[in-house]
Each structure stands twice: as C-alpha cells, then as structure tokens.
> 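Sharing a structure with you now.
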Amino acid sequence: MFIRKIKDLFGYFVEEGRIIVSVNRDIFISASAGTGKTYRLVSHYVQIFEEAFRHGEKLDVHNVVAITFTRKASKEMKERVHLRINEKIENNEPGDWKNLRSRLIYAWISTIHSFCERILRESSIFLGIDPGFEILSGVRRVALEAQVVRTYFEQHLDELEPLFDLIGVDKTFELFKKALSGMRVNLRIISPYEEEPLKIGNDGEKILLATRTFHKHFKQLVEHYENEARRNNSLDFDDLLIKTRDLLHNFPQLREKYVRRFKYILIDEFQDTDWLQKTIIDYLHEEERNFLLFVGDAKQSIYRFRGADVTVFNRTKAEFEIKNAHLETLSVNRRSHPDLVEFQNRLFSKIMLQDRSGKYYKSIYDTEVSAIPYEQDSNDSRVRVLVSENSDDSQVVAQYIKNLLSEEITFRNKDGSYSTRKIKPGDIAILLRKFVNVSRYEDALEENGIPYYTVGSKAFYDRPEIAGPLAWLDVIVDPLDDAAFARFLLSPAFGATFEDLFELKSKEKHISDAILKTTDERFKPLRELFIKYSELKHVLSPSSVLQKFVDETEYLPKLASMKRGERAINNVKKMLEIAKELDRLGTSLRELSSNIKAFIDSSEETEATLETEESDSVKLLTVHKSKGLEFPVVIVADTFWKGKSDGSPYILTGEDGYIVSREQPKKESDTIESQLHLEEKEKNLEEEKRTLYVAFSRAREMLVVSLNGKKATSDRPWSQMLQGTLITGENQLCEDMEDLVEIVEPGEAVREEPESIEEKESFIIQWPDIEFIKSVDDRSYIKYISPSLLAEDFTIEISESEPGDILIRKPRELGTLTHSVLEAVGIRGRTGRVTTLESLLSGGIPASVDRIRFSEEDYEIVRKILYKLIDHPLIKEIETSDEAMSEVQFQKKFDRYVLLGIVDKLYRVNGNWRILDFKFAEFSQKSFPKYEFQMKFYLYILKELLAPECAKLLFLKDGEVREVRLNNVEEFEKELLEKIENLGGTNERGE
C-alpha cells in the first residue's frame with residue numbers, strides 16, 4: 001500500500017488520497033446523529049495499532065483505553081474491532097495482527113465504572129480497600145441507603161429543624177434519600193457558600209440556614225453510608241468513581257504509572273459524562289505524553305437526571321478551540337433518508353438557536369448535516385404529521401400503523417442495496433417521552449390486532465395486578481391507610497367497584513373498621529383474611545406473606561381470565577421473585593413495599609412480555625431507551641405530553657447547592673430564588689430540545705409525528721417547540737415545511753370505553769433492574785444465622801439402637817420424606833375439612849411426596865413408623881387446632897445479624913400459638929442438648945410476636961415428647977452471641 005507522509009507537524013498523513021488524522025495528538029470530534037460515530041471510534045482504535053506497527057513501536061492492548069457509555073456499547077466495539085482485525089489478517093497487511101487479536105480479550109474497552117473497578121482492584125491497597133470488594137448495586141444498595149437514611153434521620157431530628165422549617169419533615173427525609181441515591185457524585189463538588197449573597201429574597205435567611213444544614217448533615221450521612229458499605233467490603237457505582245479519583249489525586253506515583261501505561265484514551269458519548277468522570281480522565285492525561293480522543297454530540301445529551309452534564313462537553317470543546325487543538329466534525333448522515341436529514345436541519349436550526357450568552361448548557365444546532373442521496377426512490381412522503389384534538393392519541397396511532405402495514409415504500413438496506421416492499425410491524429417503533437400511559441398504546445395495538453413488544457417498560461407498578469398485592473402489604477402493615485385499602489379493593493386482587501368502596505367508607509371512619517364490622521356476605525371472606533394476616537404478619541417472612549396471599553386467594557387463576565392474563569401472571573411471578581431477594585436483605589414487612597418502589601430510579605426493570613425484541617412486532621419504548629438505536633419507521637407519539645413536577649416542594653440546584661422553594665417567585669427579580677428558578681427552567685427546556693432531537697433522529701426511512709392536543713401550552717414543552725417551527729397555531733404546516741412534510745389522516749378509529757383499573761386510578765409506581773438482582777444471587781448482604789449453623793447438623797437424626805437398618809444408609813432422605821408426609825397434617829382444605837394423619841396413611845402416597853426421589857419401599861418404611869402415631873396426643877392436638885401451618889419461616893434482627901428459623905408445625909389452640917418440631921429418631925439424652933438449643937432459638941425469635949409458653953419435640957420413632965422453655969432470655973442472648981462469635985460470623989444462609 002502506497003503511503004506518502006506529510007510532516008508530523010501537521011498531524012496527518014495521506015493514504016490513497018484520504019486525509020487521515022494522526023493518532024498522536026488530542027482530538028475532539030462532534031458527531032451528529034447517524035454520522036458514523038462508532039465507525040470513527042473503531043477506526044481510530046485500529047489506526048493506533050496500524051501506526052505503531054508501521055513505526056516499529058511496542059504497543060499492547062493495555063496501552064489503549066476505550067471508555068463507552070454502556071456495557072452493550074463496549075461489547076459492540078470489541079466485536080467491531082475484532083472484525084476489522086480479521087480483515088487485516090485476511091488481507092495480509094503488515095503488522096502482528098494475529099497476536100493483537102489473541103490479546104483483545106484483555107483490552108481496556110469498557111464503561112467508566114468497569115474501568116475504575118479494574119484500576120481499584122489493581123491498586124486499592126493504597127486506599128486500604130480489599131481488592132476483593134463486592135459491587136453494591138440494585139436491591140442491596142437501595143436497602144442499605146434506606147436503612148442508613150432512616151437511622152441517621154432518627155438520630156439527628158433536632159439538628160435538622162431548619163430544613164423542616166423550609167420544606168417539611170417528610171420532604172426533608174425524601175431529600176436525603178434522593179441525594180444519597182442519585183446526587184452523591186455531583187454534591188461532592190458542591191460546597192455551600194461562605195458569604196451571603198447580596199440579594200436573597202424574602203425567604204433568604206431560611207434558604208441560607210437550610211442549605212448549610214443540609215450540606216453539613218449530608219456529608220455526615222455519606223460518611224455513615226460508606227462506613228456501613230465498608231464493613232461489608234462493598235463499593236457502589238459512585239464509590240468506584242470517587243475512590244478512583246481519590247487514588248489518582250492522593251498518590252502521584254500511581255498516577256504516573258497509569259499515565260505511562262495508557263498511551264491513548266478514547267472517550268465515547270462524551271456528552272453524557274459528568275465533572276467527576278472528566279476529572280479522572282484529566283488525571284490520566286498529560287499533554288505530549290499520551291493522547292485523548294473525545295467523541296460525542298452535545299445535541300444528544302439527555303441524561304441530566306442521572307447526573308450527566310452537557311457543560312463538560314461544551315467547555316472541553318471550547319478549551320480545544322482556545323488551544324487551537326484538533327477539532328473534527330462528522331456531518332454526513334449515513335443512516336437516514338435525505339428528506340429526514342433535511343427535516344432535522346430545518347426544524348432544529350429554529351429550535352436550537354445560536355447563542356452567545358456563554359451558557360454552556362445551551363443546545364445549539366451549529367452544523368447542517370448532509371445525507372447520502374438515494375439512487376432509487378419513489379415519491380413517498382418520508383415525514384408525516386398526524387393531528388388529533390384529543391390528548392390520548394393511542395387509537396389514532398394504532399389505526400395509522402394498521403394503514404401503514406398495507407403501504408409499500410423503498411428501503412435502503414445496510415449493504416447499500418435497495419428493496420421496495422410493504423412495511424412490516426418489525427419496521428416500526430413508537431417512541432414516547434413518558435411511559436405513564438404506555439398501557440393505552442398496548443391496548444390500542446392489541447385491539448387492532450398488531451403485535452407489539454414493550455422495551456424497558458418501567459410501568460411495572462402501574463399494572464393493576466401488581467398494585468393490588470403491594471397495596472395489601474400496606475394494608476396489613478397499617479390498617480388505617482385508607483388509600484392503600486382503596487387501591488387493594490379496586491384492584492383485581494379483590495375486584496370491588498367504586499360503589500362498594502363508597503359504601504364501606506360511608507359506614508365507618510376507616511375502611512378497615514367497616515370491613516371488621518361488615519355483615520355483607522361479599523366482604524366476609526376479606527374480613528377473615530384481614531384478621532388472619534394481622535397475626536401472620538408477625539410470623540411469616542415478608543415474601544412469604546406475599547406468596548401466601550397469592551396462593552390462598554387463588555390470585556393467578558383469577559388473572560388468567562383477565563385481558564392479557566398471561567402477561568399479568570408473569571408480572572406477579574416476577575414480583576414474588578424479587579420479594580424473595582429482599583428477604584435476603586433482612587427487609588421487614590413495613591419496608592418491603594417501599595423498598596421495591598424505591599428501586600425505581602436505580603434500575604430498569606421491565607414488566608413481563610410475550611413478544612421478543614427480535615420478533616416481527618411494533619416496538620414501544622421511551623426516547624431515552626431509543627438512544628443509540630435506529631428503526632426504519634419511527635412514530636413519535638404523545639408529543640404534546642404534559643410535564644409534571646416530581647412532587648417535591650424544593651429544588652436543589654446551583655453551583656452552591658441551594659435549597660429553594662419550587663414555587664416560582666411572584667415577581668421577576670435578581671434575587672437568588674429568581675435566578676435559580678430561571679436557570680433551572682432554562683436547563684430543563686434545553687434538555688427537552690435535545691430529547692426531541694434524539695427522538696426525531698432515530699428514523700431511517702420514515703418519521704411520523706403525532707400532534708395530540710389543541711394548542712401549545714407552557715407545561716407542554718415539546719408543543720411549544722413545534723408551534724411555529726413545524727405547525728402554525730391552526731395546526732397547519734409552516735410554510736418552509738410544506739414541500740417536505742405531509743399531514744395525514746389516521747383513518748377510522750374507534751376508542752372503547754376504558755375498562756382497565758389503571759385508566760381509572762393512577763398508581764405511580766415502578767420497578768427494578770433484573771440484571772442487578774441476578775448479580776446478588778451468590779452471596780447475602782445481611783448475615784443470616786440459623787440454629788443449624790451454630791450447632792451440629794440437626795438433620796442427622798439416627799437412632800443408635802438400630803445398627804444395620806436401612807435407615808442408617810439414608811437417614812437424611814427418609815427424614816425429608818417423613819416431613820413431607822407430615823406437612824399436610826392439620827391443614828384445612830378448600831372444603832373446610834382437616835387432613836388427619838390416619839387419612840393420609842390410609843390412601844396412596846401423598847401428593848406432597850417427591851415420587852422421583854423416593855420409592856414405594858421408602859414410603860412404606862416411613863408409613864409403618866408414622867402409623868403408630870395416628871392416636872398420639874400431639875398429633876390429635878394438631879388435627880383439632882384452630883389453625884395449623886407447616887414449614888413456617890420467620891426471622892428476627894439480632895445485633896448485626898438476622899436470625900432465621902423454620903418450624904415444622906405452628907398451630908393455635910384456644911387462641912394460643914404452639915410450636916412443634918418433629919425428629920425422625922428415638923429420644924437420646926446425648927443429642928437432646930442441641931435440639932433444646934434449637935427450640936430455644938425458635939422461642940426467642942417468637943417471644944415478642946406470639947409469646948409461646950414452650951416448644952415441644954416429638955421423636956417419631958418412639959413417640960417420646962420433650963418440652964423446652966426459655967426461662968432466662970438474657971442468658972440465652974449471651975449464649976447465642978458467644979456461638980456466633982465462635983463461628984466467626986457468616987454471610988451464608990444456614991437453613
């Protein structure tokens with residue numbers, strides 16, 4: 001290959017007529033949507049090694065860092081680099097490409113968090129951190145944050161008075177929770193002002209005092225949180241950044257090591273970084289010693305709610321301009337039809353106006369983008385507008401999609417060829433700014449027979465099948481919570497009408513009182529359920545309460561008859577799985593519902609779906625989920641969506657972290673309140689401009705914009721942007737759009753009367769990220785202690801008097817079989833009939849027995865032993881009890897641990913609860929002490945909840961009974977703590 005060099009001074013060389021920028025310089029690239037950003041980044045990565053091979057320089061994959069925004073992006077980049085290297089090998093190009101390919105598995109191509117994790121595991125010893133630290137994420141992080149905030153709040157109530165005075169007690173609590181979970185990184189670089197500003201308005205003194213109080217206590221709260229995480233050798237994602245920054249700042253010799261190692265640092269999606277991430281990059285860079293490449297697009301910075309700061313991108317770009325460093329612009333759109341590109345140019349040059357104010361958060365459309373012409377094309381309109389006077393445009397959109405599916409257009413394929421065919425469901429994506437009303441679009445698509453797939457629906461808790469059981473938890477925790485009771489009654493979990501609800505509420509002050517006093521046959525089963533669970537909540541683990549409710553009310557079969565019943569059942573199953581995960585964290589019943597809901601902002605959990613992302617179905621997703629993706633046909637729906645406040649009466653904003661009232665000052669002024677309100681309003685509007693740009697730039701072949709509403713208003717930001725730029729006040733096209741855009745009709749659409757609960761009542765609840773939950777399967781965060789963990793194995797219950805018996809060969813298995821038979825004894829069936837031991841043994845093998853694991857011979861051995869006990873007083877006592885339960889799990893917090901117990905039988909006689917444990921053995925004085933400790937363990941956990949007088953042991957092989965009492969609680973606690981300390985602590989569940 002012929003290469004002609006031009007002096008290195010100019011920083012580029014010419015290869016076959018193309019100007020190639022040298023990799024040995026800092027480069028800043030602005031890349032508009034669809035202009036080949038990923039291709040450019042991959043090319044630069046490969047070019048680094050091309051130049052190294054050309055000049056005989058030693059370079060390995062650990063010398064080049066590529067930081068991407070998501071794990072998916074890093075995986076894609078590695079794959080693309082791999083393909084390019086394969087091409088080099090096939091073409092026999094000079095260089096050791098085969099060795100590089102074999103080393104690619106070790107390449108530093110990752111997200112910023114993974115990059116920092118890798119550095120910390122190498123060098124964390126300098127900070128006194130165990131290199132084997134765990135990543136604290138998902139449910140575990142949410143639970144720890146909630147626990148820390150609650151504890152700190154309770155301990156410092158008096159000192160937080162200035163905050164209470166400004167925004168109230170509840171909102172102060174929410175402020176600390178929100179700040180700890182999502183603002184810790186940004187608040188690290190904020191310090192409250194030392195001097196009072198000249199003009200602070202009427203509430204100035206309150207603002208000053210509240211702001212200082214918040215920052216002081218937030219700093220202490222963070223220290224408390226980090227200490228708790230450190231005790232469990234854990235770092236969360238924020239810690240990965242903070243600790244890496246600290247490492248590079250405090251240890252210059254380490255910084256020097258990494259500067260020498262990382263010759264090239266490539267940063268993708270630079271517009272989505274924050275100042276802490278930029279600080280880490282700056283520590284790793286020294287001019288002329290190593291080289292940076294920034295790639296991004298300020299117009300696509302839409303993650304401000306996660307802490308991303310577009311000013312980082314814009315300030316860095318300005319610094320490059322001042323230094324006359326290399327700036328590059330990618331301005332040829334290789335993705336979209338030329339009409340779509342021209343539409344973006346015309347529209348956003350009017351929305352994102354040039355600005356000379358020096359405000360780096362401003363959105364500017366400073367470069368017009370060109371497109372690759374279509375060699376084959378038709379006269380199809382590629383930009384279309386649907387106009388509806390109704391705010392709910394779901395039926396309009398669904399009906400138009402139905403029409404589109406019969407339309408034929410020309411597509412340009414990714415290989416550059418063309419095909420003319422009908423539009424398929426899989427070509428279409430519906431983008432929504434908000435997912436609050438996503439169920440309306442799902443219903444409309446279903447009614448029109450259009451297959452769909454909801455990508456990343458965070459409307460999980462909006463679903464009535466989920467809201468009902470969660471409301472039930474709230475009800476049994478706080479029976480006076482009428483709002484929760486109403487949500488439960490109206491959900492499919494009960495299915496009451498509004499008339500039923502009003503009738504109950506009119507009779508008593510609280511719905512719970514009305515339920516307890518009702519004589520209405522419709523509510524009697526609910527009354528019994530309510531009374532029963534008011535007691536069970538003290539005995540069962542939180543997830544068991546939820547599971548038992550679902551089982552006893554036959555909830556899943558009920559859901560099967562609902563619209564989209566299969567999906568509803570899958571949703572409930574998913575909820576139960578995550579409730580079990582929360583059990584592992586020591587979550588109480590009171591915390592279960594709130595902890596799941598608190599997981600909204602830290603996860604991306606989706607509701608269950610029957611379609612797959614690869615299926616030929618219409619995709620429903622948010623604009624934020626669509627970033628980085630492209631679709632042949634994009635329908636941007638609900639463009640006149642209404643912005644809503646997050647409900648908090650404060651704003652935490654400004655470089656000094658002021659806390660000010662969300663209420664806009666009545667008069668414009670230059671007070672600090674007015675300035676902050678104006679700045680916050682501007683920043684939000686600029687973010688919405690960028691979000692609209694991302695939405696409109698996802699389409700390859702066709703863009704359909706659904707304008708749903710009569711007029712633009714100040715609380716509907718997209719409507720304001722499109723009024724006067726796309727359409728006039730009369731919903732006519734603006735003059736400069738008439739040759740490019742077509743107003744279309746949806747066709748005949750029929751909207752059915754709303755049937756679903758979610759359309760009648762808004763449950764603003766959402767759901768967590770299953771990926772985070774999967775990551776904690778291997779270890780428990782809370783240290784769980786069971787009696788079997790503290791003593792010898794209780795399951796080896798062999799009589800010493802029977803050598804040679806078959807029981808010697810498999811005592812564990814037969815003990816398990818025996819317990820599975822006894823599970824049904826005393827349990828009341830659907831008809832109200834109680835299962836007796838005699839009836840069980842008189843029939844065939846009980847259904848509870850695992851027929852694969854156990855043979856008929858095994859069962860016969862057990863049956864002979866149990867048959868001798870059918871008239872045993874304790875067996876009869878269970879069979880005639882008021883209520884009996886088997887294999888009941890319960891837990892109690894003890895010091896830093898959670899005590900776990902599983903009782904064979906928990907039953908109630910004359911209002912008193914009793915404990916019975918079966919031992920598949922004869923009584924032995926030698927083994928009794930360990931059984932005695934086990935019973936005391938159970939009595940200790942239940943002493944405050946049920947206050948049982950004693951626990952009994954029934955030795956099944958000889959019918960002996962032994963009674964155990966807990967007479968000295970303090971002495972037992974001392975013994976328990978001593979056993980735990982001797983154990984050395986544990987974080988395994990010993991069940």
Side-chain angles (χ1 to χ4, degrees), residues 62 65-71 74 108-138 140-145 147-149 152 176 179-191 215 218-262 265 267 272-286 290 306-309 312 602 657 772 775-776 779 781:
H62 69 261
V65 173
I67 294 175
T68 61
F69 187 60
T70 64
R71 285 190 292 269
S74 66
W108 288 66
I109 302 175
S110 68
T111 63
I112 184 68
H113 293 100
S114 295
F115 171 73
C116 290
E117 179 186 351
R118 194 165 171 180
I119 287 181
L120 286 175
R121 292 202 188 278
E122 281 188 355
S123 306
S124 61
I125 196 70
F126 286 85
L127 294 175
I129 298 172
D130 182 347
F133 62 80
E134 291 186 29
I135 302 299
L136 182 63
S137 63
R140 295 196 303 162
R141 175 173 174 171
V142 169
L144 180 60
E145 287 171 348
Q147 173 194 326
V148 169
V149 173
Y152 187 89
F176 277 106
L180 185 62
S181 63
M183 304 172 70
R184 186 152 55 102
V185 168
N186 285 345
L187 285 172
R188 285 269 181 164
I189 62 173
I190 287 176
S191 56
H215 284 283
F218 182 69
K219 182 179 179 181
Q220 295 174 6
L221 175 67
V222 168
E223 289 175 0
H224 184 47
Y225 170 78
E226 292 178 347
N227 288 337
E228 286 298 308
R230 195 177 299 116
R231 284 176 61 186
N232 294 280
N233 194 31
S234 299
L235 298 178
D236 63 24
F237 288 125
D238 290 344
D239 285 326
L240 293 176
L241 300 177
I242 294 165
K243 300 302 181 187
T244 302
R245 189 274 313 273
D246 293 346
L247 189 74
L248 297 173
H249 175 76
N250 296 331
F251 300 95
Q253 71 275 26
L254 270 179
R255 187 164 69 245
E256 170 66 20
K257 165 190 162 183
Y258 287 114
V259 169
R260 284 200 312 269
R261 178 191 292 183
F262 301 140
I265 303 173
I267 312 296
D272 292 320
T273 55
D274 57 39
W275 284 110
L276 182 58
Q277 295 170 27
K278 176 61 162 55
T279 301
I280 292 170
I281 295 163
D282 288 342
Y283 275 133
L284 294 171
H285 172 55
E286 282 190 24
N290 59 5
R306 287 186 186 171
D309 189 348
V312 176
S602 62
F772 288 141
S775 69
V776 301
R779 295 186 69 182
Y781 174 62

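The shown structure was predicted, so the numbers you read here are calculated from the model rather than taken from an experiment. Note that the numbering runs from 1 along the sequence shown for the chain.
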> State whether the side chain of Arg141 and the backbone N or O of Ser181 hold a donor-acceptor pair below 3.5 Å, judged by distance alone.
yes
> If you define the side chain from C-beta out and look only at heavy atoms, does anything of Arg184 sit under 4.5 Å from Ile242?
yes
> Between Asp282 (side chain only) and Thr279 (backbone N and O only), is there a donor and an acceptor less than 3.5 Å apart?
no
> Within the 4.5 Å heavy-atom criterion, are Phe251 and Ser123 side-chain neighbours or not?
no
> What residues, two or more places apart in sequence or in another chain, satisfy side-chain contact (heavy atoms from CB on, under 4.5 Å) together with Arg230?
Glu226, Asn227, Lys243
> Do Asp309 side-chain atoms and Trp275 backbone N/O form a donor-acceptor pair below 3.5 Å?
no
> Check the pair Arg121 / Glu117 against salt bridge (Lys or Arg N to Asp or Glu O under 4.0 Å), numbers first and verdict last.
CA-CA 6 Å; Arg121 292 202 188 278; Glu117 179 186 351; 3.0 Å; yes
> Going by the rule salt bridge (charged side-chain N to carboxylate O under 4.0 Å, His left out), which residues pair with Arg255 if we only count those two or more places apart in sequence or in a different chain?
none
> Below 4.5 Å, heavy atoms only, C-beta onward: do Arg245 and Leu276 meet side chain to side chain?
yes
> Is the shortest side-chain heavy-atom distance between Leu240 and Phe133 below 4.5 Å?
yes
> For a quick test of your reading: what N or O donor-acceptor pairs under 3.5 Å do the side chains of residues 124-131 make, sequence neighbours left out?
| from | atom 1 | to | atom 2 | distance (Å) |
| --- | --- | --- | --- | --- |
| Ser124 | OG | Leu120 | O | 2.9 |
| Ser124 | OG | Ile129 | O | 3.0 |
| Asp130 | OD1 | Gly132 | N | 2.8 |
| Asp130 | OD2 | Asn233 | ND2 | 3.4 |

> Take the angle between the ring planes of Phe115 and Phe262 and call it parallel below 30°, perpendicular above 60°, tilted in between.
tilted
> Answer whether the closest heavy-atom distance between the side chains of Ile112 and Thr273 falls below 4.5 Å.
no
> Hey, is NZ on Lys219 packed in by over 12 heavy atoms from elsewhere, all under 6.0 Å?
no
> Do Arg71 and His113 have side chains that get closer than 4.5 Å, going by heavy atoms?
no
